[in-house]
Structure formats: structure tokens, C-alpha cells
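Notes for the one structure printed next.
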Amino acid sequence: MSLQLRFDDAMLADPYPFYERLRSQDPVHWDESDKRWLLTRYADVTSVLRSPAASSNRVQVVLHFVPPEFRRIAEARAKSMISCDAPDHNRLRLLVSKAFTARAVEAMTHKIQHLVDGFLDAVQARGRMDVIADLAYPLPVTVIAEMLGVPAEDRGLFKKWSDELSILAGGGGSPAALTLDDYRRNAQSYEELTAYLSNIAAQRRTQPRDDLITALVQAEEAGDRLSEEEFYANTMLLLVAGNETTTNLIGNGTLALLQHPDQLRKLREKPSLIASAVEELLRYDSPVQMTTRVLTHDLELGGKQLRQGQMVVVMLGAANRDPEVFSAPNRLDVERADNKHLSFGLGSHFCLGAQLARLEGRIVFETLLRRMPKLRLEGPGPQRRRHFNLRGLQSLSVTF
Ligand code: HEM
């Protein structure tokens, strides 16, 4: 059986048997076609994410795969915190971290509950909905638009930009997964969003508000804390990082519960399990399947010699099913204790929006189960999105 990572329909439908094969046969695997290491064991993934030899500044390594006319944009976007190392990374993360503390996020509970109730009110009388279009799609984009301080009416535009900007992350950084048309749509959205943000930034300079764009504009004006390029790259990151990921948590999570009626029942009977259920849904079908690092030094791992300059793919979705760490890893267990999944990453780049995503997840699942006691799948099976890394559903029809 081939250990080559393919982006085909079978893999999109269920990548977990492939991960299992890779983990048991060659856990530190050199992928010759894409020239990168694939790591599937929990211990190796965590050791790389914690290693000072693993850099997030990967743009130079992937740049030669990018068609020349799109390289300028790739370089500009790499000025975001997710693509930087210390000390730039600390400086950039600190500028926005205040808005994402547990306390700041907790304060959004009522707002999020109100939004979720509104989306469900709109479909209640129909007795059916598409969980993605009617709930999982609009929720995170509305929340982040509010935090950034852009008008909620523009959320349709925001959603389009966010989807098209995340195309490049969809294939897990594999150039094989991207077409010229992907790059074109990506570039067009980048230009449109830059123009849009420049407009909002100009307004906030003269009329500051209590929002993230104002905070970033003020940091930029202070001169040494944020360059103009960094302003755009990080605002775009905030927009992109939290949208499709949270949509996928809601979509994948709802599907997993509906496919495991015993777990759904348990959660209904004991709503206090909601926090542990959200962690388990994040582990079981992770919205982000992998991330990458570039080695700044040689590293020995699992008896193999990894070289400076090489790309390493840390497969979060695979580590989350490692039997060394999770008992019966392929079983969904909403009561799973000590669930140290890696769905939000680990180390200095640990997801800044984790608390927010968890809160949105908790409110959505709790409200869905409470308000829709007869929730069930409808029609043909759910459609997967053609994204390998950002794993999610195109649509999920249910009746209730
Ligand atoms: C279920 C939803 C989410 C998942 C699964 C997720 C997953 C991740 C992962 C795996 C990383 C680490 C990437 C790496 O180490 O290379 C990350 C980083 C990040 N996430 Fe999330 N995320 C989610 C929601 C959000 C939300 C709602 C926001 C903000 C609105 C957000 C903002 C960020 C940012 C800014 C980073 C970069 C942090 C840094 O580089 O220091 N994420 N996320």
C-alpha cells in the first residue's frame, strides 16, 4: 500500500485509515514527491511544535512553488504572526492578544447566544436546515466582523474574501493541490480586501472606536510597533483563521454527533458534558488537519536525520488519533477525560482564538440539542469541501 499523501476523494472522505498506516509503518516519513517530512505520531508532532529548531517562517521555502506573478502577495501575507518567529511573533501576538483573553471572550457569551438563537429562529418554522449555510457559516464571520469593527452588513463580502484567502491553506501547503485559478481568485480577494481595510483604517484614524482595527491602526501610528504591511497581514489573518475553522468545528461536530446517536443521547441527558464534548469533537474530526514548520537546524527524530532547511508537516489530525495517547482513538467519546488533543496546535503559536472557538462551539451544540430535540440527517450524505487541510463540509441537511 502506498504511503504517498494524495488529495483524492477517498482521502477527503476519511483520511484516518491512511494516517494509521503511515503511523504504524513509517511514522517519520519522507514524502519524496513534495519533498517534505510527514509526522503522524503524537510524540513527534509535539516535539517539533516545541522545538526551537522548527520555524514558522516558511514563505521562502514554498515561494518557488508559487507562480511568479503571485509571489509579492505571498510575501506580504507572510508578515502575519502565524508565519513569523520570535521576536516579531511576540510583538505581533501581543498587539491583539488582549481581545482574546478568557475574560474578554467570556464577555461575548450573550452576544453569541443571541446570534445563534437568531439563526435558529430563522429556520425553526421550516423544520429543516442546512447546518452549514444557516448556522455554521454566518456565526463565526459575524463574531469576528464585530470584533474587528467592520459593519455586519458586509459579512457576505467578508465571507467570500475569507474563503478565497484560505484557499492556499486548504491543500496543506502542497503545491500539487493548487491550480492557477486558485491563485488568481486568492490574489483578487487579497486586493479587494486590502482596499476595503484601507478605507476602514482611514475612518478609524479620525474616529477611533473600541475595536481591533482601531487598536492595530493606533499601533501602526506609534511607528515602531506595526508596519503597514503587518497591519494588513494580521488583520487578514484574524479574519481567515477563525472563520472556516469554526465553521468546520460546527459542521464536523454536528455530523459526528448525528452519526453516533448513543453519544448524542448522552449529551442530551447530561448537558454538563458540553465542554468535554466540544474537546472530543475537536479531536475526533479536527478542523485543521496539519500545519508546517521549516527546520533551522538538523534534528533527529524516530531514528531519522531531518536536515536544516527541510519542511516538516505535523499532522494534527493523525496525532489526535494516536493510540499511544488516546485509548480507543477511533471512538467518539463525549466523556473522554484528559483529552490533550492538538487541534489548536501547541507552543508559541497555539491558536489565539481557541477560547473564542470553544465558546462558539459550546453555545452552538448546547442550543441545537436543546431547541431541536428531533435533529436528524436528511437526504443524501453530507458533501465534503475539497480542502484537505481545512477539513469541513460543504453542506449538512438536517430535519428537526
Ligand atoms: C475550531 C476553530 C479553530 C481551530 C481548529 C484553529 C486552529 C488553529 C491552529 C492549529 C493554529 C496553530 C497553527 C500553527 O501552529 O502553525 C492556530 C493559530 C491561530 N489561530 Fe486558530 N483555530 C480556530 C479558531 C480560531 C479563531 C476563532 C481565531 C480568531 C478569531 C483564530 C485565530 C488564530 C490565530 C491569530 C493564530 C495564530 C497564532 C500565532 O501564530 O501565534 N483561530 N489556530
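All ligand and atom numbering here is 1-based and tracks the order in the structure. Because only heavy atoms are used, hydrogens play no part in the values below, and waters and symmetry mates are left out as well, while side chains stay in.
A side-chain donor from one of Arg321 and Asn330 sits under 3.5 Å from a side-chain acceptor of the other.
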What's the verdict on salt bridge (charged side-chain N to carboxylate O under 4.0 Å, His left out) for Glu75 and Arg71, showing C-alpha distance, side-chain angles and the deciding distance?
CA-CA 6 Å; Glu75 283 186 295; Arg71 286 184 191 158; over 6 Å; no
Using the rule given for salt bridge (charged side-chain N to carboxylate O under 4.0 Å, His left out), can you reason through Arg384 versus Asp285, listing the C-alpha separation, both sets of side-chain angles and the distance that settles it, and then say yes or no?
CA-CA 12 Å; Arg384 285 257 159 221; Asp285 203 11; 3.1 Å; yes
Assess whether salt bridge (charged side-chain N to carboxylate O under 4.0 Å, His left out) is satisfied between Asp134 and Arg128, documenting all intermediate values.
CA-CA 10 Å; Asp134 294 321; Arg128 52 171 34 84; over 6 Å; no
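A cation-pi geometry, defined here as NZ or CZ lying under 6.0 Å from the six-membered ring centre and within 45° of its normal, holds between Arg283 and Phe326. Seen from the ring of Tyr232, Lys79 does not count as a face-on cation partner, given the 6.0 Å and 45° thresholds.
For atom 33 (C) of ligand 1, the closest non-hydrogen atom of the protein is Ala241 CB, 3.7 Å. Given atom 26 (C) of ligand 1, the protein heavy atom at minimum distance is Gly242 CA, 3.2 Å. In terms of protein heavy atoms, atom 34 (C) of ligand 1 is closest to Leu352 CB, 3.9 Å. Looking from atom 5 (C) of ligand 1 to the surrounding protein, the closest heavy atom is Ser343 O, 3.5 Å. Considering only non-hydrogen protein atoms, atom 23 (C) of ligand 1 sits nearest to Thr245 OG1, 3.5 Å. Here the protein heavy atom with the shortest distance to atom 11 (C) of ligand 1 is Phe344 O, 3.8 Å. Annotation: atom 13 (C) of ligand 1 to nearest protein heavy atom, Ile82 CD1, 3.9 Å. Here the protein heavy atom with the shortest distance to atom 38 (C) of ligand 1 is Arg93 NH1, 3.4 Å.
For ligand 1, the atoms lying closer than 4.0 Å to a non-hydrogen atom of Ser348 are 41 (O). Of all atoms in ligand 1, numbered sequentially from 1 with element shown, those under 4.0 Å from a heavy atom of Ile144 are 30 (C). Close approach of ligand 1 to Arg293 (heavy-atom distance below 4.0 Å) involves ligand atoms 14 (C), 15 (O), 16 (O). Within the listing of ligand 1, atoms 5 (C), 7 (C) sit less than 4.0 angstrom from a heavy atom of Val288.
By the 4.0 Å N-to-carboxylate-O rule, Arg41 lies too far from Glu324 to be salt-bridged with it.
Between Glu220 and the options Arg225, Arg205, Arg204, a salt bridge (Lys or Arg N to Asp or Glu O under 4.0 Å) holds for only Arg205.
In Lys160, the NZ atom is crowded: over 12 heavy atoms of neighbouring residues, nucleotides or ligands sit closer than 6.0 Å. For Arg103, the CZ atom is loosely surrounded, since the number of other residues' heavy atoms within 6.0 Å does not exceed 12. Around atom CG of Asp121, more than 12 heavy atoms belonging to other residues, nucleotides or ligands sit under 6.0 Å away.
Not a single N or O atom of Glu360, backbone or side chain, sits closer than 3.5 Å to an N or O atom of ligand 1. Looking at His89 next to ligand 1, an N or O pair under 3.5 Å apart turns up.
By heavy-atom distance, the residue among Ser83, Cys351, Gly361 lying nearest atom 43 (N) of ligand 1 is Cys351. Among Met290, Arg58, His349, the residue whose heavy atom lies nearest to atom 39 (C) of ligand 1 is His349.
Residue contacts with ligand 1, taken as heavy atom pairs separated by less than 4.0 Å, involve Leu237 solely via side-chain atoms from C-beta onward.
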